[in-house]
Each structure stands twice: as structure tokens, then as C-alpha cells.
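Inspection log for the structure reproduced underneath, given as C-alpha cells.
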Amino acid sequence: MSSLIEDYALLSDLETAALVGRDGSVDWLCLPRFDSPACLAALLGTRDHGYWRVAPRGLDGPCVRRAYRPETLVLNSEWRTGSGSVRVTDFMPPQAGTPCLVRVVEGISGAVTVRSEFSPRFHQGRVVPWTRDAGGCDVAVAGPDAVWLGTDGPTGERVRTAATVTDYSVTAGTRLALTMAWAPSHRAAQPTALLVPAETFQKETVDFWRRWAARCRYQGPWRSAVLRSLITLKALTYAPTGGIVAAPTTSLPDRIGGPLNYDHRYCWLRDSALTLSCLLQSGYREEAAAWLGWLVRAVAGDPARIQAVYGVAGQRLLPEAEAPWLPGYEDSRPVRFGNAAMGQWQLDVYGEVLDTLWLSLRAGIEVPPHVWSLAKSLMEYLQEHWREPDHGLWQERGPARQFVHSKVMTWVAADRVLRLGALLGADVPSFWYSLRDEVRRQVCRHGWDSGRRSFVQAYGSSRLDASALLMPALGFLPATDGRVCDTVRAMGALEHGGYLSPYQEADRAQCRETPSVACSLWYAQALKSVGRPDRARALLDRVLAIRNDVGLLSARWDPDDGRQLGNAPQAFSHLALVQTAYALTEGRSRSPR
């Protein structure tokens, strides 16, 4: 059985990511990139589906202490036994030439027998590889993939069964390093990464992250949390293209045992403007420009074919399939790979893209020469289709509806394209002004429920939706507007255990949406904007308290069981944390759009 979601720490080389538990087991790793098939998939099943554990022999429990080295993604974990203590340092070197995971074992006191249990399973935990000895290294091969495992220390006592089990004797002051590297299976030679001293990789990795962290401009009271969130966002970046995945995992459930388990190892347009804003505010202009480049390439082409989600390289085809051989996290089925949301029409993405283009140009980021042509084509399509129903921000897999947030984002699209035209000195059609006004009138007429005194989820519905909290931040209505104040007040009905659910269920007696980390942070921002800063700060502190021991947040929080749920770590949650910290920091609030 896999560990609690909050027991996992993140490692990344900016092309893929691994999750390592407090027990020293790496239970999730896709190679060679975020959206590749998993070769360690115990997270979604059992150890029969692939894992790599390094810990003292005979100890099945968690380490006594672990932490990232300050301002890095290099993880230290310590164990104590009756005979001594050891430290394991885990990291993935960026720019190593091939994906690799390094685990350095150091003796702190006494003498400890450390066991490495290495059990890869290719094709999403399904295929047992052929494992053999290759010049002092173990190499596991299946189909197109090979993973090599080497050590710079003594060979140790090795037994191959379902896993390659090796015992090492570690005494105070001694060390050894285990390095796992991926390579295409048709290459006979071991990866060059196995020839690089672990000390070299470790120093380069520490230096890389500390240089990157030093560029952070946020200096407010939540600097440590903001910096950890920014490091996490960087870790979720696919460096070759600049795309940022929503999470490195798939099918971690929003509700234990529930069926709504989706693959988040892709890039969502809903995150685009928020991502760019957070990166620019924090001093990461190069990353913001790379993200813009990914976005412009991904959406290029027919505006009628724009998607809500794309692959890390901008690919459009993300066919969704179920993996029945994986029992799922705590039996939460089905396990899915790929995402059918690629085929949904989501009206809000046009506003997200145009908002991102405007933010980029306003910040002085060099935009492609054809950006105005792109903006016009998006707007021309939108003006013909904005009245149509869609599937909304939450990607409901049912009939399309007239979602209020989607219409608000249509207003954002019209507003931003007008601002973009003004910055470029371009001629804009007069009816775009009329469209912007018409959308606002329609939303205020049909999206407002006078009985609830709140904006609601969809036209004709009385269900509350946390996305209405974004209206003042988007500039749709000022925070001083009575309807905004009433909506913020009404959102108290979505509170559960002090956190905010994303929306009301149609039948609240049947099930209740697990609170969303991002929505709880939107609530804090909205409370600040309507003049309730003390409550806003208390809510931010409450969210900070549910981060795990190394500062990571998943998509959801279950206040009843006191545990994280959903794919993790979740970019949307960490983006919202950064944005909220800026909004609540005196003199450093987010610039109005």
C-alpha cells in the first residue's frame, strides 16, 4: 500500500519528476519525461508495480527527519537504528544529459546495514523487465526503455528476485552513491551520467537551485513559503519547451474511492495568465518568456481548435485510457493515463490566452510578430461563438452549460484584446467594445441570483461556484461593488472545516466536494479585497499549515480526515499561494489588470 499523499517529497530534473516517501521509497517516476509511461508506479498500486527503496535494513517505517537543503530541491532524510544512524540525500541533476536519480548514503554514527530494493516495472507498472549485470551495473530492459543502476561504492551483497536487493554496510564518515539513469534500450553502452562522480552532480544541483532561488524578488512575511512554491513551479517545468505541468502525477483521487481520477501531467491554458503573472512578479522573466513561447506555439492554428489542455511539447492528442492492472491509490479507480479534456470546448481559455498576451506585452516581454494576428483570429472566432454553452473551468463531463465564469472570461478576452490593440497602436473594430459591454450586462443579468444575493455557477442555476471570487481580480467588477461583497459573503456556504469547496453539488445530501486549496486561497484574496484583511491572513495561515513537512500542497484537502488529496504537488495550488502572498503583503499587492 502506498503512503499518504503528504508523505511524498518531489524531485525533478526539469524534464520529469519523482516522488519519494518518508520511508525512503521512490513510488512514482515517469521516464524520460513527465508524460512518459511510469516505470515506478507503486503510488497507484503496490510494490509489484515498481518502486526503489533505500533505507536501513529491517526498518519499514519513516525516517526520523527530512528536509530540503535550503533553497534547493535536494532532499536529506535521516534514519536512526539501534546500531547507528545514516543520511540519504536524494536529487535529480538538471541538464545531466539523460534523466537520472542519485541517492547518496552517508554514515552519521555507528554502523548501519542499508538496503537498496530496486524493482522497476515498465509501461505504467505493467511490464516486468529483463534485468542483468552489465559491467558492474544492473540494467533493466523492456521494449524501448532501459534503466541502469550503478554505485560508486562497494558492490554489496546482491540478490535478484522480484527486485534487485543489495545490502551495504555503512559506518560513520563513509558514503556511497547509487545512480539510476534512463536510456533508450537500443543503446548498448551505459549512460554517461553513471560515469560522473556523485559529488559533482550534487554540487551542480545545489548550485543550480540556489542560483535560481536567489532571483526571487518577494521579500514579504511569507517569503519561505513563496520561495518553496516557486521552486516547485520551476520543478514542474519541462525545460526544453517552457511548458509547466499541472502536476507530475495521475489519478490521485479528489475523494478516496471516487471515480474522478484524472491525469494532470499536462499543461492547462487556465493556468497561463496566473503563471505568467507570478513569474514576472517574482523576478523570473526568462521563465515567463519561455512559458509564453510554449503557449503561442501550442495554440497556433485554427482558433476553433484551441484546447483547454496540451502536452508538454504542445501536442494536442492526449488520448485517455484506463489501466485496469493498477488498483489505484487506496483502491480509487479507474486509473487513467491521457486526458479527454483535450476534446472539451472551454470558453474561458480564450480569455486566458488573451490575458497572457496582454500581460506579456505590458511587461515588455518580446512577443512574436504575429501576436496581433493571433489575437484577432481568437477574437473573431469568439465573437461568433461566445453565446454557446461549454464545459466550464471544472471540466464537467456532462452536458455543456452556460457557465458564468466562462462568460466572465469572454469579457476578459474582449477587454484584453482592446488593451493589447492600444499597446500595439493597432486599429480595433468598434463592435469589440460593444461585445465587452454586452457580455457584462448578460452576466450581471443572468449570472446573478437575487435570492442568494450572489453570482452563481451557471445561468438558471442557484449553485454557488468559487470561481465567482475571481471577478474583482480579473477587473470584471470592482471589489467595492455591492454584488462582489455579497458574493464573497455568500461563499461562506462553501466552507467546510475552514476551507472552501470549488462549488456546490447538485445534491449536497449525496456527496460533498472536497475543499480545494486554490479556491481557499482565492477566498483569502477576495476577503482582503472587500476589506477583511485579518480573516484573509488567517485563511492563508490555515492553508500554510496543511502543507506537508517539505512545503508541498496537493489539489485538495480533506478536513474531516486531515489529509491531502488529489494530484500532487499541484501547480494551481502553489500558484494561488504565491498570488495570495503578494495580495496580502502590504505595498506589494498584485497590479490590477
Side-chain angles (χ1 to χ4, degrees), residues 2 5 8-21 25-45 47-52 73 90-94 96 98-102 118-129 140-149 180-185 191 193 232 235-241 243-252 261-267 309-313 315 317-323 325-326 328-329 335-339 552 554 566-571:
S2 51
I5 291 171
Y8 288 99
L10 174 72
L11 308 174
S12 172
D13 64 356
L14 311 186
E15 293 191 28
T16 189
L19 294 186
V20 54
S25 183
V26 178
D27 289 343
W28 184 253
L29 177 61
C30 299
L31 291 172
R33 66 186 201 182
F34 291 107
D35 55 358
S36 298
C39 68
L40 304 178
L43 178 68
L44 297 178
R47 289 191 170 178
D48 290 337
H49 299 107
Y51 73 104
W52 181 21
L73 208 66
D90 294 323
F91 59 94
M92 297 182 72
T98 188
C100 62
L101 170 57
V102 183
F118 181 60
S119 181
R121 295 291 185 268
F122 291 96
H123 190 65
Q124 327 289 29
R126 188 180 192 181
V127 177
V128 179
V141 176
D145 300 297
V147 290
W148 295 69
L149 180 62
M180 184 190 78
W182 175 90
S185 61
T232 302
L236 299 180
T237 301
Y238 183 64
T241 65
I244 300 175
V245 298
T249 57
T250 179
S251 300
L252 293 181
N261 315 315
Y262 299 119
D263 193 344
H264 283 185
R265 300 172 301 147
Y266 306 112
C267 309
V309 57
Y310 295 82
V312 294
Q315 68 268 34
L317 292 178
L318 312 172
E320 186 173 287
E322 296 182 4
W325 60 89
L326 287 170
Y329 181 85
V335 172
R336 295 181 174 94
F337 293 93
N339 201 301
L552 301 181
S554 66
N567 284 305
Q570 186 77 15

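- The closest side-chain heavy-atom distance from Tyr329 to Ile5 is below 4.5 Å.
- Rounded to the nearest 0.5 Å, atoms CD (Glu15) and SG (Cys30) are 13.5 Å apart.
- Distance CG/Asp13 to CG/Leu31: 8.5 Å, rounded to 0.5 Å.
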### Worked check of side chain to side chain contact (heavy atoms under 4.5 Å, CB included) between Tyr266 and Val312
CA-CA 6 Å; Tyr266 306 112; Val312 294; 5.8 Å; no
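- Using cut-offs of 30° and 60° for the angle between ring planes, the Trp52 and Phe118 rings count as perpendicular.
- Take Glu322 and apply the salt bridge (charged side-chain N to carboxylate O under 4.0 Å, His left out) test, not counting sequence neighbours, and it matches no residue.
- Minimum heavy-atom separation, Pro120 to Pro129: O-CD, 3.2 Å.
- Note that the CG atom of Leu326 and the CZ atom of Arg121 stand 12.5 Å from one another [nearest 0.5 Å].
- The one candidate from Leu10, Leu73, Thr16 that meets the side chain to side chain contact (heavy atoms under 4.5 Å, CB included) condition with Met92 is Thr16.
- Side-chain N/O atoms of Tyr8 and Asp27 include a donor and acceptor closer than 3.5 Å.
- In terms of heavy-atom proximity, Leu14 sits nearest to Pro240 at O-CD, 4.1 Å.
- The backbone N or O of Ala568 lies less than 3.5 Å from no partner atom in the side chain of Gln570, so there is not a single donor-acceptor pair.
- To the nearest 0.5 Å, atom CG of residue Asn261 and atom CZ of residue Arg336 are 6.0 Å apart.
- In this structure, the side chain of Thr241 engages the main chain of Gly243 through a donor-acceptor pair within 3.5 Å.
- Closest non-hydrogen pair, Ala146 versus Val141, comes out as CB-CG2, 3.9 Å.
- The salt bridge (charged side-chain N to carboxylate O under 4.0 Å, His left out) test applied to Arg265 returns Asp263, not counting sequence neighbours.
- Judged by distance alone, the side chain of His49 and the main-chain N or O of Trp325 form a donor-acceptor pair under 3.5 Å.
- Using a 4.5 Å cut-off on side-chain heavy atoms (C-beta onward), Trp182 and Asp145 make contact.
- Judged purely by atom type and a 3.5 angstrom limit, Ser185 uses its side chain to pair as donor or acceptor with the backbone of Gly143.
- Of the possible donor and acceptor atoms, none in the side chain of Ser119 sits under 3.5 Å from a partner among the backbone N and O of Tyr51.
- Between Val102 and Met180 the shortest side-chain heavy-atom distance does not fall below 4.5 Å.
- Nearest heavy-atom pair across Pro99 and Pro32 is CG-O, 3.5 Å.
- Checking side-chain atoms of Trp28 against main-chain N and O of Pro248 turns up a donor-acceptor pair under 3.5 Å.
- Between Leu40 atom CG and Phe122 atom CZ the span is 8.5 Å, to the nearest 0.5 Å.
- Note that CG of Leu101 and OG of Ser12 are 11.5 Å apart. Values are rounded to the nearest 0.5 Å.
- Side-chain N/O atoms of Asn567 and Thr249 include a donor and acceptor closer than 3.5 Å.
- What you find for Ala323 and Phe337 is that their closest heavy atoms are CB-CE1, 3.7 Å.
- Contact check for Leu44 versus Leu252: side-chain heavy atoms found under the 4.5 Å cut-off.
- Using a 4.5 Å heavy-atom cutoff, the side chains of Leu11 and Val20 are in contact.
- Between Cys100 and Pro93 the shortest heavy-atom distance is O-CD, 3.4 Å.
- Counting heavy atoms from C-beta outward, Gln315 and Tyr310 have side chains that stay 4.5 Å or more apart.
- Between Tyr238 and Phe34, the ring-plane angle classifies as perpendicular under the 30° and 60° cut-offs.
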